Amino acid sequence: MRASRLFFPTLKEDPAEAEAASHKLSVRAGLVRQLAAGLYIYLPLGLRVLEKINTIIREEMNAIGAQEISMPVLHPAEIWQQTGRYDSIGAEMFRLRDRGGRDMVLGMTHEEIITWLASRELRSYRDLPQVWYQIQTKLRDEARPKSGILRTREFIMKDSYSFDVDEDALDRSYQLHIEAYNRIFTRTGIQYYMVESDPGMMGGATAHEYMAPSPAGEDEVALCGCGYAANLELACSQPDLPGYPEPGLEEVATPEARTIEQVSNFLDIDPALLIKSLLVMAGDEPVLVMIRGDQQLQESKLAHKLGEFRPAGEDEIREHTGAGAGFIGPLSLEIRKIADQSLAGGVFTVGANRDGYHIKGVVPGQDFQAEYHDMRRVKAGEACARCGARLRVERVIEVGNIFKLGTKYSEPLGATYLDQNGREQPIIMGSYGIGPARIAAAAIEQYADEKGIIWPVSIAPFQVHLVLVQPADSQQSAMAEKLNADMMAAGLEVLYDERDISPGAKFADAELLGCPVRVTIGKRAAADGMAEVQIRSGGEECKFELGATAQGVVRLLKELG
RNA sequence: CGGGGCGUAGCGCAGCCUGGUAGCGCGCUUGCUUUGGGAGCAAGAAGUCGGCGGUUCAAAUCCGCCCGCCCCGACCA
């Protein structure tokens with residue numbers, strides 16, 4: 001491709017609205033342009049990257065026997081009503097009416113639609129297993145689109161769905177996806193982790209997420225050298241135990257000391273010796289949730305126990321405890337109490353349910369009763385629950401997820417098959433997603449330097465960036481033209497920059513675009529007949545005879561990829 | 001949805017406080033020169049100052065309402 005013909009509007013300056021490196025660079029390098037909040041136009045270079053990623057995904061999905069289909073983006077509301085999600089999802093789903101007044105939705109995912117299809121077409125155990133996938137647009141009215149292409153309202157997703165006769169068969173489909181996903185993410189060149197994830201409201205089902213480490217990510221994962229890896233939504237750890245004081249209840253005045261920090265300073269004790277009491281409302285029921293003072297509540301863990309909940313308001317706190325926030329505690333409260341496991345066996349200071357007072361020497365289990373569950377958010381440096389080594393916590397971009405769905409969709413939509421005994425059984429399903437744009441963004445985040453993007457070979461928009469320094473020089477120009485033809489003949493994807501602009505601008509663009517290899521033809525090449533080759537990552541340089549350059553670059557790319 | 005910020009030429013910004021001729025850098029057009037790290041000189045094009053309403057002799061500037069975009073939080077099958 002000749003740069004003079006390619007539409008790639010590069011920018012010298014960062015766009016004002018961008019924060020994340022991938023956002024700044026994807027706009028500056030001319031990959032994308034923003035249409036509105038969370039809506040992006042993919043320009044030629046951006047689309048090439050996306051298509052490369054999609055090709056890798058297709059190859060690996062096909063390799064496990066998955067079959068590509070394409071489903072509509074516009075769905076009748078009725079199907080979503082049948083699974084209950086029409087009501088449970090809320091504002092995140094785009095809703096509209098067609099001219100006949102029928103309620104419709106824009107698909108945020110396709111479980112309902114594919115299960116509708118399966119319910120009509122899969123009848124016998126002989127038809128199973130099946131894995132169907134698509135690479136299709138999803139629409140979600142995100143509360144807050146952000147970070148460029150990382151979180152958008154319209155995005156492409158590879159979503160596949162498996163249909164099996166039983167849990168064992170589902171395990172096999174799940175395992176096949178794990179293998180395909182490992183190949184896909186490895187081939188795209190990004191760094192990633194597979195972590196345990198919260199299956200959400202799916203009950204005991206299994207779920208994993210594929211996470212690309214990056215400070216621009218929105219999730220955090222706990223990682224251990226022993227292989228333990230989990231989303232912080234469900235990660236657990238063994239907390240260090242503080243030295244406990246003597247038990248024995250004693251009320252102490254703590255005027256104006258409401259926060260853990262204030263109380264701990266006022267009483268001059270370790271925050272780990274305080275209990276943080278939080279009043280939440282699960283529907284109409286008040287629940288007191290207790291966490292050690294140095295810990296944080298992991299709300300997703302509490303949501304598993306309570307379902308939907310919200311923090312109690314100022315008035316509700318006073319109504320149920322008799323005190324203001326900051327002075328509440330578990331003693332003599334006749335409401336449901338949930339305590340984090342780390343409180344068992346300790347001696348703590350708690351709010352007295354009386355403004356301006358706390359109570360010391362409280363022994364959970366003796367002075368109050370509560371349900372004990374793991375409720376705290378894992379912190380870096382805590383001991384791994386499996387092996388005891390210190391946990392790392394890293395921020396990550398979710399690039400893929402895999403779920404065992406079971407019969408969550410097949411039952412309400414009547415997707416059943418007849419088994420060998422002629423009995424009707426619900427199809428056991430799995431659902432598996434990948435966000436190609438997030439892979440691209442993660443690659444930018446993980447490898448970019450101060451000059452621009454550094455693409456992994458497999459997903460670079462072009463493999464080679466050929467720079468002709470002086471197009472007006474007929475000798476240089478002839479060399480570059482020949483080299484361009486040679487490299488294309490060798491099967492290389494070449495971006496040939498023969499534009500009549502200053503050399504500095506071309507080099508800067510080449511570095512911004514981030515193709516893995518740059519080949520320069522200038523006066524030095526004209527003098528000695530050698531093409532200069534530079535690796536974008538690391539900046540290593542070498543020279544090839546003009547005639548040997550194409551093959552030399554092919555070899556280099558192999559080493560890099 | 002709560003909190004904060006921003007909206008002036010294609011892009012990045014100044015001007016607003018203290019009302020009176022709309023400005024800078026980059027980019028763009030034309031010409032000449034230049035050509036291995038975002039060239040130089042000269043000439044030029046380009047703005048309903050986000051929108052509507054109000055105050056005023058006069059509004060980019062002051063006031064009100066609305067819209068859009070970004071950031072933090074909540075949310076994220």
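Throughout, a chain's letter reflects where its sequence line sits, starting with A, and its residues are numbered from 1. Computed from a prediction, not measured in an experiment: that's the story for all the values here. Atom set for the values below is all heavy atoms of this structure, side chains included, hydrogens, waters and symmetry mates excluded.
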What I want to find out is whether [X] reaches [Y] closely enough, with some N-O distance under 4.0 Å, to be called a salt bridge.
| X | Y | answer |
| --- | --- | --- |
| A:Arg499 | A:Asp497 | yes |
| A:Lys482 | A:Asp486 | yes |
| A:Arg518 | A:Glu511 | yes |

**Prompt:** Does A:Gln134 use its side chain to pair, donor to acceptor, with the backbone of A:Met71 at less than 3.5 Å?
**Reply:** yes

**Item:** A:Lys301 side-chain N/O to A:Arg376 backbone N/O, donor-acceptor pair under 3.5 Å
**Value:** yes

Residues in side-chain contact (heavy atoms from CB on, under 4.5 Å) with [X], at least two apart?
| X | answer |
| --- | --- |
| A:Ala169 | A:Asp164, A:Val165, A:Asp166, A:Arg172 |
| A:Leu96 | A:Leu74, A:Met104, A:Leu106 |
| A:Arg95 | A:Tyr86, A:Met93, A:Val105 |

Output all residues satisfying salt bridge (charged side-chain N to carboxylate O under 4.0 Å, His left out) with [X], sequence neighbours left out; order by chain, then residue number.
| X | value |
| --- | --- |
| A:Glu209 | none |
| A:Arg2 | A:Glu481, A:Glu498 |
| A:Glu398 | none |
| A:Glu68 | A:Arg58 |

**Message:** Tell me every residue that passes side chain to side chain donor-acceptor pair (under 3.5 Å) with A:Thr152, counting only those two or more places apart in sequence or in another chain.
**Reply:** none

Gap in Å between the two [atom1] atoms, one belonging to [N] and one to [M], rounded:
| N | M | atom1 | answer |
| --- | --- | --- | --- |
| B:rC63 | B:rC16 | C1' | 14 Å |
| B:rG38 | B:rA14 | P | 27 Å |
| B:rC70 | B:rG36 | P | 42 Å |
| B:rC1 | B:rU48 | P | 31 Å |
| B:rG44 | B:rG27 | C1' | 14 Å |
| B:rG12 | B:rC17 | C1' | 24 Å |
| B:rC26 | B:rU21 | C1' | 25 Å |
| B:rA46 | B:rU30 | P | 16 Å |

**Message:** Pairing check on B:rA42: which nucleotide meets the Watson-Crick or G-U wobble criteria with it, both distances under 3.5 Å?
**Reply:** B:rU30

**Item:** Counterpart base for B:rG23, defined by Watson-Crick or G-U wobble contacts under 3.5 Å
**Value:**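 Here B:rG23 is engaged in a pair, and the nucleotide opposite it is B:rC13.
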
Pick base, sugar-phosphate or nothing for [X], based on heavy-atom distances below 4.0 Å to the nucleic acid.
| X | answer |
| --- | --- |
| A:Lys506 | nothing |
| A:Asn401 | base |
| A:Thr520 | base |
| A:Ser147 | sugar-phosphate |
| A:Ala91 | nothing |
| A:Glu218 | nothing |
| A:Arg28 | base |
| A:Ala16 | sugar-phosphate |
| A:Ala143 | base |

**Item:** A:Ser119 side, atom OG; A:Ile427 side, atom CD1 - distance, nearest 0.5 Å
**Value:**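 Answer rounded to 0.5 Å: 8.0 Å.
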
**Message:** I'd like to know if A:Arg499 reaches the base of B:rG38 with its side chain such that a donor and an acceptor end up less than 3.5 angstrom apart.
**Reply:** no

**Check: A:Asp14 side chain, B:rG12 base, donor-acceptor under 3.5 Å** =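 Not at all, since no donor on one side and acceptor on the other fall under 3.5 Å apart.
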
In whole angstrom, what separates [X]'s [atom1] from [N]'s [atom2]?
| X | N | atom1 | atom2 | result |
| --- | --- | --- | --- | --- |
| A:Glu299 | B:rG73 | CD | P | 13 Å |
| A:Leu150 | B:rC70 | CG | P | 13 Å |
| A:Lys24 | B:rC71 | NZ | P | 11 Å |
| A:Ile521 | B:rG37 | CD1 | P | 17 Å |
| A:Ile402 | B:rA77 | CD1 | P | 17 Å |
| A:Leu11 | B:rG38 | CG | C1' | 13 Å |
| A:Met108 | B:rC75 | CE | C1' | 11 Å |
| A:Arg144 | B:rA74 | CZ | P | 10 Å |

**Message:** Counting primed atoms plus P, OP1 and OP2 as sugar-phosphate and everything else as base, spell out the protein contacts along nucleotides 22-33 of chain B at 4.0 Å heavy-atom distance: B, S or - for each nucleotide, 5' to 3'.
**Reply:** ---BSS------

Out of [options], which nucleotide sits closest to the side chain of [X]?
| X | options | answer |
| --- | --- | --- |
| A:Arg518 | B:rU35, B:rA77, B:rG37 | B:rG37 |
| A:Asp509 | B:rG38, B:rC13, B:rG36 | B:rG38 |
| A:Tyr409 | B:rG38, B:rG36, B:rA77 | B:rA77 |

**Message:** Which residues in residues 524-543 of chain A have a heavy atom closer than 4.0 Å to any atom of RNA chain B?
**Reply:** A:Arg524, A:Ala525, A:Glu532

**Inter- and intrachain pairs under side-chain hydrogen bond (donor to acceptor under 3.5 Å, both in side chains), touching residues 466-479 of chain A, at least two apart** = none

Could you list all N or O pairs between the protein and nucleotides 39-48 of chain B that sit under 3.5 Å apart?
from, atom 1, to, atom 2, distance (Å)
B:rA39, OP2, A:Ser502, OG, 2.4

**Message:** For A:Asp219 and A:Gln34, find the nucleotide of RNA chain B closest to each by heavy atoms; which residue's nucleotide sits nearer the 5' end?
**Reply:** A:Gln34

**Item:** Which residue lies more 5' along RNA chain B, comparing A:His23 with A:Arg140 via nearest heavy atoms
**Value:**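 So the residue in question is A:His23.
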
**Prompt:** Are A:Lys146 and B:rC72 close enough that a side-chain N or O sits under 4.0 Å from OP1 or OP2?
**Reply:**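 For B:rC72, OP1/OP2 do have a side-chain N/O of A:Lys146 under 4.0 Å.
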
